[in-house]
Asks: 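Shown below is the structure under consideration.
One-based numbering, in listed order, for ligands and for the atoms of each. Below, each value reflects all heavy atoms present in this structure, side chains not excepted, and no hydrogens, waters or symmetry copies.
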Amino acid sequence: MSLHIERTDILIIGTGLAAVATALHLAKSFSVLLVSKGEMTESNSDLAQGGIASAYLEKSSTAHKEDTMLASKNTSCAERVDILVEEGRQAIEEMERFGVRFDREEGGYALGREGAHRLNRIFHVGGDETGRHVMRQLRQSLPDNVNVLERVLVHDLITRDGKVVGAMAFRDEVPIRIEAGAVVLATGGIGGLIDWTSNARTVTGDGLVLANRCGAKLTHLQRIQFHPTLLATDEPHLVTEALRGAGATLVDEEGNHVMAHHPLGSLAPRDDVARILTERMGTVYLDTTNVTRLRERFPKLALTCDKLRIDPRRIPVRPGLHFHMGGIEVDDMGRTDVDGLYAVGEVADAGIHGMNRLASNSLLECWVFGKRVARAVRLNQTTTATKETLVYDISPVAFQALRAQIGRWLTISPSLDELKGFLQNTQTLTMTKHVTRQLSEQTLQLDAARLLAQSILEMERNDEYDIPTRTATSVLD
Ligand code: SIN
């Protein structure tokens, strides 16, 4: 099949909020191409429920900073958090200028609250459908210099003289080369590598692999966040933490409050709650009898409960994979250490979230750092250079078996035997240069999982794994 060529000044890989915020703030003189692996709405941003944390209505951003630092057990970088919370104060107004309308109630904005926030500072749209509304409005606001191509799988980046100058991809099954003066990775996290996740299925760590192959530094890949409350049914659905902010509590079969021992109760930091729920025997429920106007405030949840015939006053939950704090190391403008390569949003490690992200700080990060990347981008000379890629020669059945194995170690308490087995099984796979879209997609997923596995193993060797539990007590004392 002949190679199609696309040319653009700036290629942005991803169509979630990090990608769209960057595109909205780039100079209109640039041609910009956004590509999504599936449909453009298949992003984690579109699925976001709780909302966007911002100290917009507070006297200063100090309390937001403190909550962010505490939730991370002081492992976030204080200077980067300053940027997030201070520049984040304008985010609400800025998004409203693009036509987003955050929910209001009598007297002003209707603010929600989530785990480890001491104040109500979460702005939302359409109750628990924030992501869908925000993304629809912002995508509609994209200017004419921005084009969006769907169903594009980028499987490798092209470099020349150590600079990133484009990408090799498939549009559907057709191979394309995208020549670009700069590439922005906004591919999201890793949740889609397994089934038990709150993430979109398309979000499978591609950006980590692309960055790693061209020599960009990755950091803290072992820092993975599990959300305490996915609906405990066959299909995972996120049950937003904002429900607990509105008064729901985590109870056992007998109705006992399972977080009663914690000073913040059911609103304790997410990692603490997820770990406690994982270690417990028996089903845990969200008791929502104290939540007023549940159907109006949480329409998505109410609809899901109706469909699955679950009583919304007592919702069975269990933890699942949610967010990746580690990622591609970036400076405070989203620059990686490879010329021409930028990263923003969940795929990047900007040092903000440390080992446990504060709820609803992620959309804020996408906005604040998307704007920063837009200011920082410089174009390299484009080239007609191309790149030969090798992929794993593996059948779909063998791939599914390996994917199932990932699901057995990519958990809150990873089985090291499964993890080592996965590394061994993938190490011996043969490679082929007969690159197809399917083989490329499988290869990216296996390589992303290998990167995570190696990082978790490394952490185990250094005995770091216990740090969250060890430090939790001292911070809360
Ligand atoms: C939620 O709505 O519970 C998730 C919010 C987040 O992960 O920031």
Asks: H227 heavy atoms, cut-off 4.0 Å: which ligand 1 atoms fall inside?
Replies: 1 (C), 3 (O), 4 (C)

Asks: Using a 4.0 Å cutoff against the non-hydrogen atoms of H322, which atoms of ligand 1 qualify?
Replies: 4 (C), 6 (C), 7 (O)

Asks: With heavy-atom distances below 4.0 Å as the criterion, list the atoms of ligand 1 near S360.
Replies: 6 (C), 8 (O)

Asks: Donor-acceptor pair, Q225 side chain versus R357 backbone, under 3.5 Å?
Replies: yes

Asks: Which atoms of ligand 1 are found less than 4.0 Å from any heavy atom of E114?
Replies: 1 (C), 2 (O), 3 (O), 4 (C), 5 (C)

Asks: Nearest to atom 2 (O) of ligand 1, what protein heavy atom do you find, and at what distance?
Replies: T240 OG1, 2.6 Å

Asks: Has the side chain of D337 got a donor or acceptor atom that lies under 3.5 Å from a matching backbone atom of K217?
Replies: yes

Asks: For atom 4 (C) of ligand 1, which of E241, H124, R270 has the closest heavy atom?
Replies: R270

Asks: Is it true that the NZ or CZ of R318 lies under 6.0 Å from the centre of W196's six-membered ring and within 45 degrees of the ring axis?
Replies: yes

Asks: For G38, does its backbone N or O pair with a side-chain atom of E150 as donor and acceptor, under 3.5 Å?
Replies: no

Asks: Can you name the atoms of ligand 1, numbered from 1 with element, that are less than 4.0 Å from a heavy atom of G50?
Replies: 2 (O)

Asks: Under 4.0 Å from a heavy atom of A359: which atoms of ligand 1 are those, numbered in the order shown and with their elements?
Replies: 8 (O)

Asks: Compute the ring centroids of F323 and H227, then answer whether they are less than 6.0 Å apart.
Replies: no

Asks: Any N/O of N361 closer than 3.5 Å to an N/O of ligand 1?
Replies: no

Asks: Does L358 reach ligand 1 with a nitrogen or oxygen that is under 3.5 Å from one of the ligand's nitrogen or oxygen atoms?
Replies: no

Asks: Within this structure, what is the CD1-CG distance for the pair I13 and L34, rounded to the nearest 0.5 Å?
Replies: 10.0 Å

Asks: Would you say the side-chain atoms of D206 pair up with the backbone N or O of V154, donor to acceptor, closer than 3.5 Å?
Replies: no

